[in-house]
Amino acid sequence: MSSGEKKLPDGLHRDTLAVRSAVDKSQYGENSEALYLTSSFTQPDSETAARRFAGEEDGYIYSRFTNPTTASMEKRLAALEGMEAAIATSSGMSAVLLLCMGLLKAGDHVVCSQSVFGATIKLIGTEFRKFGVESTFVSQTNVGDWKAAIKSNTKLLFAETPTNPLADVCDIRALADVAHNAGALLAVDNCFCSPALQQPVKFGADVVVHSGTKYLDGQGRVVAGALVASAKLVAGSFVPIMRSAGMSLSPFNAWVVLKGMETLAIRMEAQSQRALELATWLEGHPKVERVYYPGLKSHPQHELAMAQQSGRGGAVLSFDVKARDADAARKNAFHVVDATQLMSVTANLGDVKTIITHPASTSHGRLTEQQREAAGIRQNLVRVAAGLEHIDDLKADLSRGLDTL
Ligand SMILES: *Cc1c(COP(=O)(O)O)cnc(C)c1O
């Protein structure tokens, strides 16, 4: 299949791998990676087909588990995370599903941060409980809680950092030590930072979980996901399940994410810069009570975040709008959201278009008031996922509501 293509030299930097890492070009020498929009691949003869189906010879078979475009996306993501292998999934949640199906069986136990993505809590805590998998949910930031939750049947620790929407940061290295001392694995959802800012494997994580829907695509076009891990884990624990369970990413969506990763580093840099400027400005605003952003010195885990996240806070920040009483809390937050004329009011993040949301009535709307209170998500909280618009336009957009409270 090669077109006499130059082979990539060893030791390339991540910026280079982000635009160059892919499977071999076709015989046509396309410069932009090809989109192989095909459900299956023809076999030269029956003997070859038999060897390929038996796994004795490399070769594409059927796009539920092998496709060159998807393979390029997996190769590029693995390179960015500094890991051997990756496996693409149809969504971020199907990546968590594949992770749990691949590593757990009835009678096993999972320790998970109580501040991870809501659907992850539901999948591990409710759905997998039906199949006999136990789980304990613990503090995002207190390593002692994680240690205390370990049991003899603990097989997996699951963390996400920073969290949505309050940007609490957990110590990946410390959690990896807790996991490994217990003979368990650590999985980290790296959706918020992306590999451009944070590579959990560097700090001892065994599996990195991704929602490709967010920063990897980066322009709000497709739903996608992936797991990144050692070649042994991917080939031994995840590929067989993908082949039988089929939570596969479509080649088209894989191609969109593949091209998105080419600009990931510069987007993360520029969007983090805007988020830091917004957070700094909001912290000094008379109508703002508190700002949650790892890039601010006032953030409780600022130093840990800077060490773990390449000195960047990421693109998501939240803030409490000042309010006289409980009734005014929700009203004032809604006023700030609804006064914007530029920002998108939508349930997503990781887009180049800035997104503004009211977590207590949307992403965290199904929690009880008590659960929300425990999680620190109050009615006056507003979340902003900074995009690429000019910083002055973003400030003006937030000022429309803040200045008229
Ligand atoms: C969005 C998100 C997910 C789920 O990803 P989907 O692609 O929507 O399935 C998982 N974890 C985090 C942190 C997310 O933000």
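All ligand and atom numbering here is 1-based and tracks the order in the structure.
Distances from ligand 1 to the non-hydrogen atoms of Ala224 include at least one value under 4.0 Å. Heavy-atom separations between Asn164 and ligand 1 are all 4.0 Å or longer.
Using a 3.5 Å distance cut-off with no hydrogens or angles, the side chains of Arg324 and Asn332 do not pair a donor with an acceptor. Side-chain contact check for Ser32 and Lys259: at least one donor-acceptor pair (N or O, by modelled atom type) lies under 3.5 Å. Residues Thr16 and Arg20 have side chains that never bring a donor and an acceptor to within less than 3.5 angstrom of each other. If you check the side chains of Tyr292 and Asp168, you find no donor sitting under 3.5 Å from an acceptor.
Here the protein heavy atom with the shortest distance to atom 4 (C) of ligand 1 is Phe117 CE2, 3.4 Å. What sits closest to atom 5 (O) of ligand 1 on the protein, heavy atoms only, is Ser211 OG, 3.0 Å. Here the protein heavy atom with the shortest distance to atom 6 (P) of ligand 1 is Gly92 N, 3.3 Å. Scanning the protein heavy atoms around atom 7 (O) of ligand 1, the nearest turns out to be Thr213 OG1, 2.6 Å.
Within the model, atoms CG of Leu278 and OG1 of Thr354 stand 7.5 Å from one another, a figure rounded to the nearest 0.5 Å.
With distances taken over non-hydrogen atoms, the option nearest atom 2 (C) of ligand 1 out of His210, Lys214, Glu160 is Lys214.
The existence of a salt bridge linking Lys322 and Glu289 is excluded, since no basic side-chain nitrogen approaches an acidic carboxylate oxygen closer than 4.0 Å.
The contact set between ligand 1 and Ser91, taken as ligand atoms under 4.0 Å from a residue heavy atom, comprises 7 (O), 9 (O). With ligand atoms numbered from 1 in the order given, ligand 1 contributes 10 (C), 11 (N), 12 (C), 13 (C) to contacts under 4.0 Å with heavy atoms of Asp189.
Of the candidates Leu317, Val316, Val337, Val316 is the only one forming a side-chain contact (heavy atoms from CB on, under 4.5 Å) with Arg383.
At a 3.5 angstrom cut-off on N or O pairs, Leu349 does not count as close to ligand 1.
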